[in-house]
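Only one structure is covered here, and it is reproduced in the block below.
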Amino acid sequence: MNIRHLPILATAAGFICASAPGQDIAVYRGAQVSPDVEHIYERGLSFLATSQADDGSFPGNYGSEPATAALAMLAMFAHGDDPNYGPYAKSIKRDLDFIIGHANAQTGYIGSSMYNHGFSTLALAEAYGAVQDPRIAPVLKKAVELILASQERNPFKAWRYSPDAQDADSTVSGACFVALVAARNAGLRVPDKAIDGALKFYSDCQSPADGGIGYLPGAGRNGGATTAIGVAVYAYARKRDQPVFVRALKSLKQPDERVNGGGYPFYFEYYASQALFQADVKAWEAWNEKRVKQLIDTQNEDGSWDGGIGSGISTAFGLLSIALNYRYLPIYER
């Protein structure tokens with residue numbers, strides 16, 4: 001079964017074909033995907049599927065981290081193929097095996113950092129109800145509980161590298177926050193106070209001077225990536241009317257905000273695509289057109305992209321930066 005042409009939403013029971021009440025159908029379904037997007041996306045997926053080792057790992061510096069398997073699996077989900085019987089079903093199973101194999105059975109902690117844990121939890125939440133695998137639910141539940149417990153212990157009500165961290169930053173917190181939103185969309189319990197606590201942290205990270213979102217509270221603007229994360233966080237929380245969101249979006253749209261992803265290529269673009277789509281579809285359309293051209297010009301012969309952090313994770317991030325052309329990941333629902 002190919003679900004490429006069916007709009008989907010997440011429920012506790014899985015995917016349903018529907019549009020949300022009051023949803024702009026043209027925005028939700030999107031226009032026909034261009035041949036250019038389909039061509040580079042298919043090539044990128046082919047690279048991920050063929051370069052993946054039998055144990056589920058990928059090439060590159062971060063290829064042995066569960067976050068890479070998680071992001072690769074999300075890129076495959078985003079294309080709209082059946083995850084159980086489609087062309088990438090075998091790769092998705094390997095991704096799940098890798099993620100679940102790195103989950104601590106007692107604590108629920110996945111990998112060796114909250115970056116890994118956040119992206120892995122997001123992938124499990126998107127797989128829940130879509131992939132026929134009884135292992136997902138209990139691992140996802142423990143993973144979400146760990147994120148919530150970590151936040152509760154943290155004086156900033158946010159997250160950093162360790163589950164027991166007593167400080168926080170806007171990038172790790174972005175990965176954990178989006179995972180919580182995806183889990184809530186999938187039917188798991190996520191208290192409102194967890195959402196509100198994280199939003200307060202991003203408010204504290206906002207620069208009074210220009211509205212940009214910094215890496216740490218009071219540190220000032222830190223470039224495009226952290227600002228894009230802040231915009232996406234408020235949008236996913238359905239708080240687009242809040243002054244923090246309005247000022248951060250204005251800052252994100254400034255030209256110098258579009259090119260600074262720090263030392264991690266494709267990371268800014270991964271969040272910028274989500275932030276702009278959630279905030280201003282017209283702005284996203286203009287940004288997306290340029291982004292697709294960039295990826296066409298830089299894609300390698302084998303379908304991968306380089307980024308200095310490994311071809312596996314770079315390719316997954318690259319694909320996810322244009323995944324909104326398809327509109328299939330439930331977390332992307334506007």
Side-chain angles (χ1 to χ4, degrees), residues 61-62 65 67-68 70-71 74-75 113-119 122 156 158-161 167-179 181 198-199 201-207 209-237 244-245 247-280 283-284 286-288 290-291 294-295 298 305-310 313-324 331-332:
N61 299 347
Y62 291 89
E65 301 285 350
T68 301
L71 292 163
L74 288 168
S113 75
M114 290 301 284
Y115 267 126
N116 273 302
H117 187 83
F119 285 126
L122 169 60
F156 292 92
W159 300 269
R160 210 165 191 191
Y161 303 116
D167 57 351
D169 72 62
S170 57
T171 57
V172 176
S173 294
C176 293
F177 182 88
V178 176
V181 172
L199 294 181
F201 171 74
Y202 278 94
S203 174
D204 292 342
C205 287
Q206 187 165 49
S207 168
D210 52 33
I213 302 296
Y215 183 65
L216 302 169
R221 187 177 64 179
N222 194 59
T226 52
T227 300
I229 292 169
V231 173
V233 161
Y234 267 80
Y236 284 136
V244 174
F245 172 85
R247 296 191 67 229
L249 176 60
K250 183 178 179 180
S251 180
L252 178 65
K253 289 181 176 180
Q254 298 305 310
D256 63 336
E257 287 288 290
R258 297 300 185 88
V259 296
N260 183 5
Y264 299 93
F266 304 113
Y267 188 62
F268 162 66
E269 291 82 1
Y270 167 71
Y271 277 111
S273 63
Q274 298 173 61
L276 290 173
F277 180 79
Q278 293 292 330
D280 184 340
W284 170 80
W287 182 91
N288 179 68
K290 294 177 182 178
R291 180 60 180 156
Q294 290 171 346
L295 291 176
T298 56
W305 284 277
D306 297 321
I309 57 174
I313 194 169
S314 295
T315 300
F317 269 137
L319 292 176
L320 287 168
S321 73
I322 57 169
L324 276 158
I331 188 63
Y332 288 164

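The structure displayed is predicted, hence computed values, not measured ones. Positions are given from 1, in the same order as the sequence printed here. Atom set for the values below is all heavy atoms of this structure, side chains included, hydrogens, waters and symmetry mates excluded.
- Between Ser173 and Ala158 the shortest heavy-atom distance is OG-CB, 3.3 Å.
- Here the side chains of Arg291 and Ser273 are not in contact, with every heavy-atom distance at 4.5 Å or above.
- The two residues Trp287 and Ser321 make their nearest non-hydrogen contact at CZ3-O, 3.7 Å.
- Residues Leu122 and Leu74 are in side-chain contact: their nearest non-hydrogen atoms beyond the backbone lie under 4.5 Å apart.
- Considering NZ of Lys250 and OG1 of Thr227, their distance stands at 14.0 Å, rounded to 0.5 Å.
- Partners of Ala67 according to the side-chain contact (heavy atoms from CB on, under 4.5 Å) rule, which considers only residues two or more places apart in sequence or in another chain, are Asn116, Phe119.
- Minimum heavy-atom separation, Val231 to Leu249: CG2-N, 3.6 Å.
- In summary, the side chains of Thr171 and Tyr115 do present a donor paired with an acceptor at a separation below 3.5 Å, with no hydrogens or angles considered.
- Between Phe268 and Thr226, the closest side-chain pair of non-hydrogen atoms is not below 4.5 Å.
- Taking 4.5 Å as the limit, some side-chain heavy atom of Asp280 sits within range of a side-chain heavy atom of Lys253.
- In this structure, CZ on Phe156 lies 8.5 Å from CG on Asp204, to the nearest 0.5 angstrom.
- Contact between Tyr267 and Ala225 at its shortest, heavy atoms only, is CD2-CB, 4.2 Å.
- To the nearest 0.5 Å, the span separating NE2 on His117 from SG on Cys176 amounts to 7.0 Å.
- No side-chain heavy atom of Phe266 sits under 4.5 Å from any side-chain heavy atom of Ile313.
- With sequence neighbours excluded, the residues that form a side-chain contact (heavy atoms from CB on, under 4.5 Å) with Leu199 are Phe177, Ile195, Val233, Tyr234, Ala237, Lys239.
- With rounding to the nearest 0.5 angstrom, the CG atom of Leu319 is 8.0 Å from the CG atom of Leu295.
- Between the side chain of Trp159 and the backbone N or O of Ala168 there is no donor-acceptor pair closer than 3.5 Å.
- Take Phe201 and apply the ring-ring contact (aromatic ring centres under 6.0 Å, His included) test, not counting sequence neighbours, and it matches no residue.
- Of the inter-residue distances, the one linking Leu216 atom CG with Asp167 atom CG reads 7.5 Å to the nearest 0.5 angstrom.
- Here the OG-OH distance, from Ser170 to Tyr215, works out to 7.5 Å after rounding to the nearest 0.5 Å.
- Scanning both residues, Arg247 and Gln206, for their nearest heavy atoms gives CB-NE2, 3.5 Å.
- At a threshold of 4.5 Å between non-hydrogen side-chain atoms, the residues Leu71 and Leu320 count as touching.
- Thr315 contributes a side-chain N or O that, together with a main-chain N or O of Trp305, makes up a donor-acceptor pair within less than 3.5 Å.
- Between the side chain of Thr68 and the main chain of Tyr62, a donor-acceptor pair closer than 3.5 Å is present.
- Residues Gln278 and Ile331 approach most closely at NE2-O, 4.4 Å, considering heavy atoms.
- Listed for the Tyr236 side chain is no donor-acceptor partner under 3.5 Å among the backbone atoms of Gln274.
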